[in-house]
Trainee: 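Have a look at this one before I ask anything.
Heavy atoms only: backbone and side chains are in, while hydrogens, waters and symmetry mates are out. Since this is a predicted model, take the numbers as computed values, not measurements.
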Amino acid sequence: MKDICLRMKELRTKLEMSQVEFAKNIGVTNAHISKIEKGGTVPSDALIKLISKEYQVNENWLKTGVEPIFIYEVLDEAEEYLINSTQTFSKLLSSDSYMLRGLAAELKFYFSSITDVSYLEDSQKMKYLSIFKDMLVTINQYNLMIKDSMLTKQLVLDDIFNEHFEKYKKSIEKCINEYKELSKDNP
């Protein structure tokens with residue numbers, strides 16, 4: 001509860017608005033905004049949606065603190081990721097090697113299957129995909145270290161495994177446990 005209240009104040013401060021201005025634009029009293037910012041009450045889902053729409057704020061950030069804060073940042077980031085990932089897969093799918101093409105097609109299939117959340121409610125979709133993203137970030141960080149060591153030949157792979165594997169394992173286990181909790185919450 002307290003975190004969302006802090007994010008409300010952070011947003012208002014970033015927008016360089018007084019509580020009176022902020023409240024007026026969304027049709028509530030400045031006393032209500034003050035009470036939220038002090039942690040005395042939690043903003044309703046309707047108020048969160050209204051704030052998100054009025055100030056072009058990423059609703060997920062308001063609720064969870066997962067950045068980016070503003071919608072334009074989400075769109076810019078999404079566009080960049082889409083372009084980069086499409087180019088990467090296109091190169092693999094057009095490879096001369098039928099083995100590489102086959103593996104790339106298989107990876108694309110699994111990724112599509114894992115990210116198919118059409119059967120979930122919006123709040124479940126966000127939670128599920130956030131956990132999956134965290135898992136991919138962990139895997140990517142670990143793989144970047146391995147790729148770097150293979151390119152530079154500075155570290156022995158055993159050193160990387162020994163030094164980072166426990167952290168990597170804990171991060172993946174955390175994601176798996178979050179999936180378990182999500183499953184319990186949504187039978």
Side-chain angles (χ1 to χ4, degrees), residues 1-89 111-141 144 167 170-187:
M1 171 175 115
K2 192 169 185 140
D3 291 340
I4 193 168
C5 299
L6 294 173
R7 284 190 293 278
M8 288 274 295
K9 185 173 185 174
E10 180 184 346
L11 172 64
R12 184 181 58 75
T13 305
K14 279 187 182 297
L15 295 171
E16 299 178 349
M17 300 178 87
S18 68
Q19 288 180 344
V20 173
E21 292 174 291
F22 189 84
K24 183 179 179 185
N25 290 341
I26 55 176
V28 298
T29 66
N30 63 306
H32 186 61
I33 297 301
S34 177
K35 192 174 181 181
I36 290 171
E37 288 183 2
K38 290 178 182 174
T41 188
V42 178
S44 66
D45 283 339
L47 184 58
I48 291 170
K49 286 187 185 306
L50 186 61
I51 291 168
S52 177
K53 184 175 180 179
E54 178 65 28
Y55 297 112
Q56 297 298 297
V57 174
N58 174 4
E59 189 176 327
N60 188 45
W61 174 77
L62 269 176
K63 289 180 176 180
T64 67
V66 175
E67 292 188 2
I69 297 173
F70 294 99
I71 291 173
Y72 70 85
E73 295 171 312
V74 173
L75 297 175
D76 290 349
E77 194 175 270
E79 186 67 25
E80 185 179 328
Y81 288 148
L82 182 62
I83 289 168
N84 291 339
S85 64
T86 302
Q87 288 173 346
T88 300
F89 262 99
F111 184 80
S112 296
S113 176
I114 291 168
T115 58
D116 177 12
V117 292
S118 56
Y119 56 92
L120 298 174
E121 296 175 14
D122 283 348
S123 62
Q124 294 171 318
K125 288 176 185 178
M126 287 302 300
K127 183 68 177 163
Y128 175 88
L129 291 174
S130 290
I131 296 168
F132 181 61
K133 183 195 86 168
D134 290 346
M135 188 178 285
L136 289 178
V137 166
T138 299
I139 292 168
N140 187 51
Q141 289 170 343
L144 286 174
K167 181 181 173 189
K170 285 178 185 174
S171 294
I172 295 296
E173 286 173 349
K174 179 181 176 267
C175 292
I176 291 168
N177 289 331
E178 287 177 3
Y179 276 133
K180 287 178 184 176
E181 289 301 314
L182 182 62
S183 302
K184 289 177 189 174
D185 293 343
N186 304 295

Trainee: Is M135 close to T138 at the side-chain level, that is, under 4.5 Å between some pair of heavy atoms?
Mentor: no
Trainee: Are the side chains of I71 and W61 in touch, meaning some heavy atoms are under 4.5 Å apart?
Mentor: no
Trainee: Rounded to the nearest 0.5 Å, what separation is found between the CD atom of E10 and the NZ atom of K14?
Mentor: 5.0 Å
Trainee: Would a 4.5 Å heavy-atom cut-off, applied to side chains only, mark I69 and Y55 as touching?
Mentor: no
Trainee: Search all heavy atoms of L47 against all heavy atoms of P43 and return the closest pair with its distance.
Mentor: CD2-CB, 3.9 Å
Trainee: Please list, chain by chain and in numerical order, all residues satisfying side-chain contact (heavy atoms from CB on, under 4.5 Å) with S34, sequence neighbours excluded.
Mentor: Q19, K38
Trainee: How many angstroms lie between atom CE of M8 and atom CD1 of I36, to the nearest 0.5 angstrom?
Mentor: 4.0 Å
Trainee: Please name the pair of heavy atoms, one in C175 and one in I131, separated by the smallest distance, quoted to 0.1 Å.
Mentor: O-CG2, 3.4 Å
Trainee: State, yes or no, whether a side-chain contact exists between I139 and I172 at a heavy-atom distance under 4.5 Å.
Mentor: yes
Trainee: Kindly indicate whether the side chain of K9, heavy atoms from C-beta on, has any atom under 4.5 Å from the side chain of T13.
Mentor: yes
Trainee: How long is the span from the CD1 atom in I51 to the CD1 atom in I33, to the nearest 0.5 Å?
Mentor: 5.5 Å
Trainee: May I ask you to test the R12-E37 pair for a side-chain heavy-atom distance under 4.5 Å?
Mentor: yes
Trainee: Any chance NZ of K35 has more than 12 other-residue heavy atoms, nucleotides or ligands included, within less than 6.0 Å?
Mentor: no
Trainee: Enter the distance from M126:CE to T64:OG1 here, rounded to the nearest 0.5 Å.
Mentor: 6.5 Å
Trainee: As a test of understanding, state which of L120, I114, V117 forms a side chain to side chain contact (heavy atoms under 4.5 Å, CB included) with L129.
Mentor: V117
Trainee: Would you please classify the geometry between the Y179 ring and the Y128 ring as parallel, tilted or perpendicular, with 30° and 60° separating the classes?
Mentor: tilted
Trainee: I need the minimum non-hydrogen distance between C5 and G39, along with the two atoms involved.
Mentor: SG-CA, 3.7 Å
Trainee: Any non-hydrogen side-chain atom of N177 less than 4.5 Å from a side-chain atom of K180?
Mentor: yes
Trainee: Might you confirm whether atom CD of E16 has over 12 heavy atoms from other residues, nucleotides or ligands at distances under 6.0 Å?
Mentor: no
Trainee: In this structure, are over 12 heavy atoms from other groups packed under 6.0 Å from Y81 atom OH?
Mentor: no
Trainee: Please tell me if the side chains of L50 and V28 come closer than 4.5 Å, counting only heavy atoms from C-beta onward.
Mentor: no
Trainee: Taking all atoms of both residues into account, what is the closest heavy-atom pair of K63 and I4, and its distance?
Mentor: CA-CD1, 4.2 Å
Trainee: Roughly how far, to the nearest 0.5 Å, is CG of N60 from CG of D122?
Mentor: 11.0 Å
Trainee: If only atom types and distance count, is the side chain of S52 paired as donor or acceptor with the main-chain N or O of N58 below 3.5 Å?
Mentor: no
Trainee: Roughly how far, to the nearest 0.5 Å, is the CD1 atom of I83 from the CD atom of E79?
Mentor: 4.5 Å
Trainee: When you look at NZ of K174, are more than 12 heavy atoms from neighbouring residues, nucleotides or ligands closer to it than 6.0 Å?
Mentor: no
